[in-house]
Amino acid sequence: MMLVQIVLVLLFVASTFAQKDVVIDCKADSVTVKWRPVLSWAQKVDPSKARLGSCPPSSLNEDVLLFLVWLNDCGFRRLMSEDKVTYTNVLTYGSDPEVPPEPVECIYDISGKRTNLEMMEEDHVFTMKLMNSDFSGPALSSMFTLGSRISIKAEVEQQGLQPLQIYLQSCVLATAPDLTHASQLHTIIANAGCLIESKEGNSMFLPRQKPSEIRFYFQAFKFALGETIFIHCNMEAWDHESIDDKKACYYMKEQRRWELLDDSYRSYICTCCDTACIKRTSFESGSSTKMVIGPFTIVEAAQNNASDTYWTAEEGLIGVPVWAVVVTVPLVLLLVAGAIATGYYLCFWRGGRLGYRPSRDLLTKY
């Protein structure tokens, strides 16, 4: 009997150690990661502490964290060689020193296909800019007050004749130009084109003026006030024959539903924005890049108005504070009114001459 118990214990221990802590399934343009963080027996897995790069887990099941993410999302790094392309990232669990970071890696063989891939990358030029509120030109300032619009335009230019349509796969606000060094992060776009901020805050995609351009705005909110902020975006460009499952979705709060920017009748493909969207395109059917713009700053209204307390040279008063004008103008008006009252007194009430003397009868009468 004792021998049987020992065998059962050994089998249990062996099966426990045989279970992998990390299981990685690399798809054509996405990756599925299952991770069981090694914690003490008294600890439970807290999903809010887990990250794959900058992305939180999609779900938790029996202490196993599930991540369903795109290779152009979450801060994946891409390395290319002559015959392969490698995507790398890191699994982290808060600042717990007992849970070491776990590397995540996907390697793709592109031998014999590099020429096509290089042509796609070289022919497409991506740009992204901070714009003014009506998108008529670049933003005039890098300082935005709380509640103001932060407008962004992304565009792709190409040398070939094939028309392209641009999509934003993800955008994240960060306090550093490198996501791994950022102390604060906030997701604006995720899930391969879902404008998350349109549901959680005030944000919207604007109708396209042309397929190769996409515009959106979000309202400045209390994120890293007074600090430098950068926005990290992953974007893709596709020809019109490959856009069936591409999307730019924003949430309509009054209707309580997601809307597809380019075709409202196909808004059903946006329903996954509240869960996890799965993309079904091949690895090499489009061109993609990652761009970072900034820095810019979000401040309280009073801070931004501080620079407006002085007139510029064009306005004729250089270095004159507003408070001085506010005090001086009433005093000048008061002096003018006093001068008018004095003139009236001397010229009319006292008979119109300075040498006027009241008659003795008037003096004795009163």
Side-chain angles (χ1 to χ4, degrees), residues 26-33 51-56 58 67-78 85 87-89 104 106 108 117 120-121 124-129 152-156 164-174 179 185-199 203-206 208 211-218 230-240 242-251 258-262 266 269-293:
C26 297
K27 303 287 197 309
D29 48 13
S30 64
V31 61
T32 300
V33 179
R51 290 289 186 276
L52 173 55
S54 60
C55 292
S58 303
F67 296 86
L68 301 170
V69 299
W70 313 116
L71 292 172
N72 289 322
D73 204 350
C74 307
F76 271 89
R77 295 179 180 273
R78 185 176 69 168
V85 58
Y87 287 84
T88 60
N89 214 327
V104 174
C106 288
Y108 298 88
L117 186 62
M120 285 192 296
E121 295 294 338
H124 302 165
V125 178
F126 292 87
T127 58
M128 186 167 66
K129 299 176 183 178
I152 295 173
K153 181 178 77 171
E155 193 170 4
V156 60
L164 295 175
Q165 190 148 314
I166 188 172
Y167 293 89
L168 294 171
Q169 299 295 293
S170 67
C171 286
V172 178
L173 294 182
L179 285 177
L185 298 171
H186 182 84
T187 300
I188 300 294
I189 299 175
N191 236 344
C194 301
L195 187 56
I196 305 299
E197 186 63 20
S198 64
K199 186 172 184 179
S203 182
M204 188 177 180
F205 282 118
L206 273 67
R208 293 184 192 264
S212 60
E213 177 185 288
I214 190 165
R215 303 173 299 160
F216 75 98
Y217 71 84
F218 63 92
F230 299 81
I231 183 163
H232 301 246
C233 289
N234 290 297
M235 58 191 74
E236 296 182 350
W238 304 84
D239 61 63
H240 284 277
S242 305
I243 62 172
D244 288 343
D245 62 341
K246 309 302 180 297
K247 62 185 184 297
C249 303
Y250 61 95
Y251 191 75
W258 289 93
E259 179 92 353
L260 184 65
L261 171 64
D262 300 305
R266 297 179 59 245
I269 71 172
C270 297
T271 56
C272 64
C273 286
D274 288 322
T275 54
C277 302
I278 301 298
K279 206 164 49 167
R280 299 179 179 84
T281 53
S282 63
F283 174 63
E284 296 178 26
S285 58
S287 180
S288 64
T289 190
K290 177 179 179 180
M291 301 202 73
V292 180
I293 57 172

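Along the sequence shown, residues are numbered consecutively beginning with 1.
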Exercise. Side-chain contact, heavy-atom cut-off 4.5 Å: Arg78 with Val85?
Worked result: yes

Exercise. Are Cys270 and Cys249 close enough that their SG atoms are less than 2.5 Å apart?
Worked result: yes

Problem set entry | Minimal non-hydrogen separation, Ile293 against Lys129, with atom names | CD1-C, 4.1 Å

Exercise. Under a 4.5 Å cut-off applied to non-hydrogen side-chain atoms, are Thr88 and Val104 in contact?
Worked result: no

Problem set entry | Spacing of NE2 belonging to His232 relative to NZ belonging to Lys290, to within rounding of 0.5 Å | 6.5 Å

For this session: Check whether any side-chain heavy atom of Arg51 sits under 4.5 Å from a side-chain heavy atom of Pro56, and report yes or no.
Result: yes

Exercise. If every non-hydrogen atom of Ser58 is compared with every non-hydrogen atom of Leu68, which pair is closest and at what distance?
Worked result: OG-N, 3.2 Å

For this session: Please round to the nearest 0.5 Å and tell me the distance separating atom OG1 of Thr187 and atom CD1 of Ile196.
Result: 7.5 Å

For this session: Locate the shortest heavy-atom distance separating Met291 from Met128; write the atom from each residue and the value.
Result: O-CE, 3.7 Å

Exercise. Can any side-chain N or O of Asn234 pair as donor or acceptor with the backbone N or O of Gln169 at less than 3.5 Å?
Worked result: no

For this session: For Gln165 and Tyr167, test the side chains for any donor-to-acceptor distance below 3.5 angstrom and give the result as yes or no.
Result: yes

For this session: Would you please test Leu173 and Glu197 for side-chain contact (heavy atoms from CB on, under 4.5 Å) and show each step?
Result: CA-CA 11 Å; Leu173 294 182; Glu197 186 63 20; over 6 Å; no

Problem set entry | Any Tyr108 side-chain heavy atom under 4.5 Å of Cys26 side chain | yes

For this session: In sequence, state the C-alpha distance, the side-chain angles, and the governing distance for Leu195 and Ile188, and then conclude on side-chain contact (heavy atoms from CB on, under 4.5 Å).
Result: CA-CA 6 Å; Leu195 187 56; Ile188 300 294; 3.9 Å; yes

Exercise. Nearest heavy-atom pair of Cys277 and Asn191: which atoms, and what distance?
Worked result: N-OD1, 2.9 Å

Problem set entry | Within 6.0 angstrom of Lys199 NZ, more than 12 heavy atoms from elsewhere | yes

Exercise. Do the side chains of Val69 and Phe76 get nearer than 4.5 Å, heavy atoms only?
Worked result: yes

Seminar exercise, completed: d(Phe205 CZ, Ile189 CD1) to nearest 0.5 Å is 4.0 Å

Problem set entry | Closest non-hydrogen atom pair between Tyr250 and Leu261, with its separation | CE2-CA, 4.1 Å

Exercise. Any side-chain heavy-atom pair from Val31 and Phe67 closer than 4.5 angstrom?
Worked result: no

Exercise. Could you state the interatomic distance from CD (Glu155) to CG (Leu164), rounded to the nearest 0.5 Å?
Worked result: 11.5 Å

For this session: Compare the SG-SG distance of Cys273 and Cys194 against 2.5 Å and report whether it is shorter.
Result: yes

Seminar exercise, completed: Closest non-hydrogen contact found for Ser203 with Phe216 is OG-CD1, 4.4 Å

For this session: Scan Ile166, Asp262, Val156 and name whichever one has a side-chain contact (heavy atoms from CB on, under 4.5 Å) with Ile214.
Result: Ile166

Problem set entry | Minimum side-chain heavy-atom gap Trp258-Ser198 below 4.5 Å | yes

Problem set entry | Whether Lys247 side chain and Leu260 backbone form a donor-acceptor pair below 3.5 Å | no

